[in-house]
Amino acid sequence: MIPFLDLGRLNRPHERSIQEAINRVVQSGWYILGREVDAFEQAFASFCGTRHCVGVANGLDALTLVLKAWSFPAGSEVIIPANTYIASILSVTLTDLTPVWVEPDPKTYLIDPTRIEAAITSRTRAILPVHLYGRCCDMESIRAIAKHYELTILEDAAQAHGATYRGKKAGNLGDAAGWSFYPSKNLGALGDAGAITTNDDRLAAKLRALRNYGSAQKYVNDYVGHNSRLDEIQAAILSAKLPHLPADNERRSTIARRYLEGIINPAVTLPPADQIDQDAWHLFVIRHPDRNALRSFLSEKGIGTDVHYPTPPYKQQAYIHYAQLSLPISEQLHREVVSLPLNPALTDEDVTLVIDAINQFDR
Ligand SMILES: *Cc1c(COP(=O)(O)O)cnc(C)c1O
């Protein structure tokens, strides 16, 4: 049996250091916004190469708080990719902004920069590129457009811990970046956790207040804030796991290379292998015209798969007023994608079994 993802197995090598981290917090007698959050923020900012990291409660809040901090007029437009996890879109609509959906590049599945300019209006204020599946968007093109139209860039880096683009880390490629440390991410907490990275001193200070009731000083509230704090236990766990992220990503990358070389089924479309930048390989996503048959076939062989994602966000009931939208590239991806097991807990034999099974599938 090869489960798509076994979180217990993923955390087993870290069990001792996680226990030590938890004990340290329990004994400290300080559980919210203390030394552990400070230490993790410094370590993660340094990992990303940014001046600041602000820990928050989860990835959705990270994105939402940045958009809130930017205080665009209600109804301002934010350019977003049409194929992404719904949290990217929720951050836009929860701050009374309007998502403007842009098709992905059919080869990389990432927002297609050549389609962005046509989506810009006088109301556009920001671009929200999502480094989906662990690969950085074409930031050179996106930055050139943002500069020309004076737009800010909010990276959704929730799937891109450790990914690089032209030598710089994800999270340091725009004006701010939202991170999630949901347990299944490349750097995962044992519960909910998130962060924002930025080089903007004023934004970082405002975010520190916004995550804590809009207060920088106890009982002084400058903003209508949220309660969205990263807690000490999760911060301590993340500090214990962060040093292992590069090796974990290296293992992911080795497995991805084996899939890229070993899978030769002509009906399967593999992700592009021409990568000059470092992919975080959060997910290994292939395409097949009969995705459900492939999934059943693999499942009979004990191989777990998942789909990221089965339904475009604009076809969800939550966004019913966008249901008339027709974005054929995004919709084809949503019909055909399958995610294979890809995580540091897989053995070489597991990887061989997955490759052999896919090559045997002949529909
Ligand atoms: C996981 C994820 C989020 C949201 O993170 P949470 O911590 O679950 O709120 C946002 N965007 C993308 C692309 C994600 O994968």
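Both ligands and their constituent atoms are indexed starting at 1 by order of listing. Only a predicted model underlies this, so the values are computations on that prediction, with no experimental measurement involved.
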Determine, stepwise, if the pair Thr347 / Asp350 fulfils side chain to side chain contact (heavy atoms under 4.5 Å, CB included). CA-CA 5 Å; Thr347 65; Asp350 292 338; 3.1 Å; yes
Would you check, one step at a time, whether the test side chain to side chain contact (heavy atoms under 4.5 Å, CB included) holds for Arg123 with Ser76? CA-CA 5 Å; Arg123 287 181 302 279; Ser76 297; 5.5 Å; no
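For ligand 1 and Leu60, the ligand atoms under 4.0 Å from any heavy atom of the residue are 4 (C), 5 (O), 6 (P), 9 (O). Set against the non-hydrogen atoms of Ala87, the atoms of ligand 1 under 4.0 Å away are 3 (C), 4 (C), 10 (C).
No N or O atom of Tyr182 sits closer than 3.5 Å to an N or O atom of ligand 1. Considering backbone and side-chain N/O of Val130, none are found under 3.5 Å from N/O of ligand 1.
One side chain, Asn249 or Asn186, offers a donor N or O that lies under 3.5 Å from an acceptor on the other.
Of the options Gly134, Ser180, Gly178, the smallest heavy-atom separation from atom 7 (O) of ligand 1 is shown by Ser180.
Residue, atom and distance of the protein heavy atom nearest to atom 11 (N) of ligand 1 are Asp156 OD2, 2.8 Å. From the protein, the heavy atom lying nearest to atom 14 (C) of ligand 1 is Lys185 NZ, 3.1 Å.
His131 contributes a side-chain N or O that, together with a main-chain N or O of Cys137, makes up a donor-acceptor pair within less than 3.5 Å.
How far CG of Leu110 is from NZ of Lys107: 12.5 Å, rounded to the nearest 0.5 Å.
The hydrophobic side chain of Ile329 is isolated, with no ILVMFWY side chain under 4.5 Å apart from it.
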